[in-house]
Structures are given as structure tokens and as C-alpha cells.
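Scope of the values below: all heavy atoms of this structure, side chains included, with no hydrogens, waters or symmetry mates. Start at 1 and go down the list; that is how both ligands and their atoms are numbered.
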Amino acid sequence: MSLTDLFGETADVVPQGVSLQRSVFSMEEISRQFTMIAEVLALSPPFRPCMRNGTPFGHDISNCGALGWISDTRGYRYSRRHPETGVAWSPIPAALRDAAMAAAARAGVADFVPDACLINLYGPKGRMGLHQDRDEADLTCPIVSFSLGADAVFALGGLERRDPVSRFTLRAGDVLVLHGPSRLRFHGVDRLRPASGPRHAILPEGGRINLTFRRAG
Ligand code: SIN
Ligand code: FE2
């Protein structure tokens, strides 16, 4: 499976359960989304999680929604509270929640109501290793992912780590939904193209924001 096989002009077979929705959001909508994210971050400040072995992540995160994804020396999990302030996460802004539900519906999932939105704040050198999302209670609910800011070279693999990986660019305003037989595909971010995409004061040195909406509880 190569980039062009999957999503290029020659693509004729997109794997079941992968929905790549290009340019869903206009620049005006993206700018409103930045404002909503800045408001969330004012209540739930970005923090730097670490792996179980204590190694810090390469980027900051925060969350909104009833549940927020965190990682520390006790491992990956969902929490109702910010790990540093102890304050409950703020609700997912209605416009973002509705946009995530609409994206799921376009992918063919009619009843998705997210209770968790992870905010990944990547600096210019941001990346994320290949992983599966499997900390949620019900792994049949989709993953809906929004890209904002700089372009990312996204890596999408199969259900086994050793499976072949396709790479394609996610740009600001693109939405990716993984559901059904693709819900547990390995995925990651190889690198950003830091000079690309709309900028915002949230990331003064440039970078990318990813919003990942999930049903966690
Ligand atoms: C993630 O898998 O948590 C984030 C993916 C992305 O940044 O697009
Ligand atoms: Fe993920």
C-alpha cells in the first residue's frame, strides 16, 4: 500500500473504515477553531506527558470533554481531571463536537457522540511514533481527527505493527476518520512541514494542532 495507491489520483481502493475528508474547514472556520482551542487551553493548560519509563513526550497536550487522555509513569489512561491542576476538563466546545459528529456521519457512522477530545500541540519538530489507540472502553467507536496549523506527513499502517505503512500529507482543515475494520490501524506522524499552514499565537514558533475526538468511557 503506497501513498498514491491509497489517496492519490490513481487510488481506486481506499481501505474500508478509512475516511480522509480534505479541506472540510475554511480558513475562517480554522481561525474560529484556534480561538475555541485557546479558550480551552486557558482553563486546561498544555502539559508535557511522559512515558511509563519517565521519558517525556516530544510535545505538549491538553484535553476537553468529560474524559481526557493522559500518560505518566502509571501508563496511558483517561482521567476526569487535569493531571497538574486537578481541575476537571472543560466541555468540548459545541461547534467542535458537532463538526466531529458530522465528520463521523460522512464516514458512515451515524451515532458517534465524543466524550473526549485530545489536543496535541506539536512544535516545528513534532512527530509521533506509530501506535494504536486502544485505551477507550469501546473500541468499536470511531476516531475522528482534525488537523490545524502546519502540514503533517501522516503514516497509516495496518492492524499489526509490521504491516506496510502508507504516508500522506494532512493539511489544516483536513479530517481523518478511522472506524470499523480500520479503527485499530497503527498510525503516527513522521514529521511536520513547519513553514506550511496557518499560524496562531497558541504555537508562537509554528507547528501543528491535532484534535482527536473519541468515545472513551
Ligand atoms: C494521535 O494519534 O494521537 C495524533 C495523530 C495526529 O496528530 O494526526
Ligand atoms: Fe493516535
Side-chain angles (χ1 to χ4, degrees), residues 3 6-7 17-25 30 33-34 37 46-51 56-65 67-71 75-79 92 96 99-100 103-104 107 114 116-136 138-139 141-161 163 165-179 182-194 196-198 200 202-203 206-216:
L3 184 160
L6 247 185
F7 297 115
V18 179
S19 172
L20 177 58
Q21 304 173 12
R22 293 290 194 193
S23 303
V24 170
F25 304 115
I30 290 171
Q33 292 180 350
F34 276 131
I37 294 164
F47 61 97
R48 184 67 57 109
C50 70
M51 312 284 280
F57 276 39
H59 69 279
D60 288 347
I61 67 170
S62 189
N63 290 275
C64 51
L67 291 166
W69 187 88
I70 61 171
S71 175
Y76 300 154
R77 65 191 179 282
Y78 281 92
S79 165
I92 301 176
L96 292 175
C117 172
L118 168 65
I119 305 168
N120 283 303
L121 300 159
Y122 299 93
K125 292 193 188 312
R127 57 178 298 283
M128 186 181 285
L130 212 60
H131 66 278
Q132 287 175 301
D133 290 9
R134 51 182 325 141
D135 302 317
E136 297 71 38
D138 180 353
L139 295 175
C141 293
I143 303 170
V144 175
S145 165
F146 293 3
S147 289
L148 299 165
D151 299 357
V153 180
F154 192 79
L156 182 63
L159 299 180
E160 305 285 344
R161 186 176 283 281
D163 287 346
V165 169
S166 302
R167 292 188 169 75
F168 51 92
T169 300
L170 289 178
R171 298 182 188 83
D174 290 350
V175 174
L176 179 68
V177 182
L178 297 181
H179 64 104
S182 289
R183 169 63 176 78
L184 287 173
R185 277 183 189 272
F186 277 84
H187 59 276
V189 172
D190 281 4
R191 63 188 167 84
L192 306 189
R193 293 200 187 94
S196 61
H200 189 275
I202 295 170
L203 293 168
R208 172 171 177 266
I209 300 182
N210 161 260
L211 301 180
T212 298
F213 299 88
R214 291 178 286 217
R215 183 91 206 159

Quiz prompt | Distance (rounded to the nearest 0.5 Å) between I209 CD1 and Q33 CD | solution = 10.0 Å

Quiz item: Are any of the N/O atoms in H131 less than 3.5 Å from those in ligand 1?
Solution: yes

Exercise. Drop me the distance from L130's CG to R185's CZ, to the nearest 0.5 angstrom.
Key: 11.5 Å

Exercise. Run the numbers on H131 and Y76 for side-chain contact (heavy atoms from CB on, under 4.5 Å), then give the verdict.
Key: CA-CA 12 Å; H131 66 278; Y76 300 154; over 6 Å; no

Exercise. Output the distance between atom CG (N120) and atom NE2 (H59), rounded to the nearest 0.5 Å.
Key: 3.5 Å

Practice problem: Using the side chain to side chain donor-acceptor pair (under 3.5 Å) rule, pick out the option among D135, N63, D133, T212 that qualifies with W69. | Solution: D135

Quiz item: Listed by chain and number, what are the side-chain hydrogen bond (donor to acceptor under 3.5 Å, both in side chains) partners of H179, not counting sequence neighbours?
Solution: none

Practice problem: To the nearest 0.5 angstrom, please state how far the CG atom of D190 sits from the CZ atom of F168. | Solution: 10.5 Å

Quiz item: For ligand 1, which atoms sit closer than 4.0 Å to a heavy atom of V189?
Solution: 6 (C), 7 (O), 8 (O)

Exercise. For M128, counting its heavy atoms only, list the atoms of ligand 1 lying under 4.0 Å from any of them.
Key: 1 (C), 2 (O), 3 (O), 4 (C)

Quiz item: Hey, does S147 come in under 3.5 Å of ligand 1, counting only N/O atoms on both sides?
Solution: no

Quiz prompt | Nearest-neighbour protein heavy atom for atom 8 (O) of ligand 1, which is reported as residue plus atom name and distance | solution = R208 NH2, 2.8 Å

Exercise. Going by heavy-atom distance to atom 5 (C) of ligand 1, choose the closest among F186, Y122, W69, F146.
Key: Y122

Exercise. Can you pull out the closest protein heavy atom to atom 3 (O) of ligand 1? Residue, atom name and distance to 0.1 Å, please.
Key: N120 ND2, 3.3 Å

Exercise. Could you check if a side-chain atom of H200 sits within less than 4.5 angstrom of a side-chain atom of I37, using non-hydrogen atoms only?
Key: no

Self-check item: Distance filter under 2.8 Å, centred on the Fe ion (ligand 2) - protein N, O or S atoms that pass it
Solution: H131 NE2, D133 OD1, H187 NE2

Quiz item: Where is the tightest heavy-atom contact between L170 and S147, given as atom of each residue plus distance?
Solution: CB-OG, 3.5 Å

Quiz item: Should you measure from each heavy atom of H187, which atoms of ligand 1 turn up under 4.0 Å away?
Solution: 2 (O)

Quiz item: Mind checking whether L192 and P124 have side chains closer than 4.5 Å, heavy atoms only?
Solution: no

